[in-house]
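We're numbering straight along the sequence, starting at 1. In each ligand, atom 1 is the first atom listed, and ligand 1 is the first ligand listed. What you see below is based on every heavy atom in this structure, not just the backbone, and it leaves out hydrogens, waters and symmetry mates.
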Amino acid sequence: MQTIEAHGARIPLLGLGTWELRGRQCARLVEQALRLGYRHIDTAQIYENERDVGEGIRASGIKRSEVFVTTKVWMAHFAPNDLQRSVKESLVKLRLTDVDLLLLHWPNPQIPLSETLGALCRVKQEGYTRHIGVSNFTVALIEAAVQFSTEPIVTNQIELHPYLDQSKVIAACKRHGISITAYCPIARGRAGSDEVLARIGRGHGKTASQVSLRYLVQQGFVVIPRTSRVERLSENMAIFDFELTAKEMDEIRGLAHASGRLLDVAWAPRWD
Ligand SMILES: NC(=O)c1ccc[n+]([C@@H]2O[C@H](COP(=O)([O-])OP(=O)(O)OC[C@H]3O[C@@H](n4cnc5c(N)ncnc54)[C@H](OP(=O)(O)O)[C@@H]3O)[C@@H](O)[C@H]2O)c1
């Protein structure tokens, strides 16, 4: 599995997203994904599936050291004591002694970022996670986070797919050596039926979804597509054996539009 490096973290370019997967289905998909060669699993406290993810990892028989596990602290747990307690709970559910990457899931304007980041750095220093990062952070928040954090921030996990232009926040992350993890990388399934992506894919013997994922990994972004179907795990993995031309990349870039954002959450911060 290809990886990218950010501040000493080696992150597999492809991971399995697990939002909305629960119970035995979740455990089975994680197990199957790892058996097929996935080496990166993305979960979160708010997904309520950390127990199932942990079960899937154990059932796969893949050594713990070979799997990159990310979880995310929910914004309701950003007060320093809550953060530490919630991370310990996550590890109990996952049945792991540590995770590879621990993210702040969404910005929480109610609690000073300096306090939350201080707590995040402490849990890293105490050995509960190997690396730390953020998610859904804007340009301004990235600048603030870099200033407040005593530990390197290795990723910003953001919504990213062909319909959304995130060039400003990507540039800000790049300036600080922060990698980008693309969530909703097949636009929650929409890219799978896109005619432009399908046409480009035909020229490479690939599907529209594979083109969407390739477009992102070819720019050095980590992708974490989610599927509930075992047969799609292999499809979403077969994105490292072809290359899009500069002209194709430009055409895909042209699909971005002002209302391309999919996660229309009332409390989501505006991107600057
Ligand atoms: N940090 C955050 O705030 C945040 C927010 C959202 C998501 N995430 C993370 O990012 C992951 C991915 O995002 P997402 O789950 O929202 O969206 P996504 O991965 O872009 O899309 C998932 C949807 O695409 C379909 N799909 C998967 N593979 C396909 C294929 N090869 N062809 C056609 N359709 C396909 C799936 O349906 P089937 O199940 O039927 O295959 C599912 O409906 C999440 O699971 C989560 O881990 C993080």
Review point. Under 4.0 Å between a Lys/Arg side-chain N and an Asp/Glu carboxylate O for Glu195 and Arg199?
Key: no
Check your understanding: Would Glu55 and Arg51 pass as an ion pair if we require N to O under 4.0 Å?
Key -> no
Practice item. Kindly write out the residues that satisfy ring pair (Phe, Tyr, Trp, His ring centres under 6.0 Å) with Phe221, not counting sequence neighbours, or none if the list is empty. Key: none
Review point. Considering only heavy atoms, which protein residues lie less than 4.0 Å from any atom of ligand 1?
Key: Gly17, Thr18, Trp19, Asp42, Tyr47, Lys72, His105, Trp106, Ser135, Asn136, Gln157, Tyr183, Cys184, Pro185, Ile186, Ala187, Arg188, Gly189, Ser209, Ile224, Pro225, Arg226, Thr227, Ser228, Arg229, Arg232, Glu235, Asn236, Leu263
Practice item. Report yes or no: do Tyr38 and Asn236 form a side-chain donor-acceptor pair below 3.5 Å? Key: no
Check your understanding: Should the pair Asp100-Arg64 be classified as a salt bridge under the 4.0 Å nitrogen-to-oxygen rule?
Key -> yes
Exercise for review: May I ask you to say whether Asp241 pairs ionically with Lys206, meaning some side-chain N is under 4.0 Å from a carboxylate O?
Suggested key: yes
